[in-house]
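Before any comments, here is the structure.
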Amino acid sequence: MSIAKQIETLEQLVAVDEQIKQLTDGISGHRGELDQVAEEVSILEGQISADQNSIAEMDKTRGELVQELRQLGDQIGRSRDRLQRARNSRETNAAEREVKELGELRRDRDHEIKKLGDLTEQARDNLAQAETRKSELEARLAGSIEGTTKTITDLEEQLTSLREQRQAAKSKLPSLLMRRYERLLERRGSAVAKTHDGTCLGCNVQLPPMLYTQMLQQTRFEECPMCHRIIYYTPKPQPGEDAVEPGAEEAGDEAASPEATS
Ligand SMILES: [Zn+2]
């Protein structure tokens, strides 16, 4: 394959890889939106289950306290009976003290039960809020999942076809060149640059004149000594032609390099 033909194929590969990058970014963007909602749902689920546990625990404690309160009531009744049946002041004093102490205990338990009741109510409110929010999010997720999944599937289909085009282009090019290409693509995000006038359009640095003179003959691909991209010469496109600069960091702005003008 002539170098001119290889350049053509390489340019196709670069264009395909740019589309692949855009598609891949698009897909992860869509996935990210779904993941964010799903993550919030899972946080809410954790909160709901914690609320349910603490409500169950508080209900149990409250039940025990109510039980204790009932027993205290019985005990107070018995102490009052003893007070009525007291035969001397010693028995009267003892029964009175018992009634008083048990009464204090009952007030304490009563207070705890009320406090627990307030806390339980608050936890139930929280739980209800979390459940409402969760169903809202789930409804939203169910609504958008279908659309977004469809979009992702479409994008993935396009991606598959682009990957096939990529393989086809790669198989036409020398494998050594392709290994360099893949390495550069991974490391720099773009692997190929060209030059129209001796300036690397990948990094905007002036190429050594000897190298540039060799490149004018288009006999092989070179390496930019600055950015190490695969570089080749093509004539500057005439106005009206599509000027797509593969891997250009500042799209075709050759005047940006001071060496280029001096
Ligand atoms: Zn360069």
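Both counts, for ligands and for their atoms, begin at 1 and track the order of listing. Below, all heavy atoms of this structure are taken into account, side chains as well, without hydrogens, waters or symmetry copies.
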Side-chain contact test, heavy atoms from C-beta onward, threshold under 4.5 Å: evaluate it for R106 versus R109 and give yes or no.
-> no
Listing protein N, O or S under 2.8 Å around the Zn ion (ligand 1) gives C200 SG, C203 SG, C224 SG, C227 SG
Give the intermediate values and the outcome of side chain to side chain donor-acceptor pair (under 3.5 Å) for residues D17 and Y181.
-> CA-CA 11 Å; D17 275 344; Y181 179 88; 2.5 Å; yes
Output yes when a side-chain donor or acceptor of T219 lies under 3.5 Å from a complementary backbone atom of M215, and no otherwise.
-> no
Inspect the contact between R133 and E136 and indicate whether a charged nitrogen and a carboxylate oxygen are less than 4.0 angstrom apart.
-> yes
Have T120 and R62 got a donor and an acceptor in their side chains that come within less than 3.5 Å?
-> no
Would a hydrophobic clustering, with Ile, Leu, Val, Met, Phe, Trp and Tyr connected at side-chain separations under 4.5 Å, put V14 with Y232?
-> yes
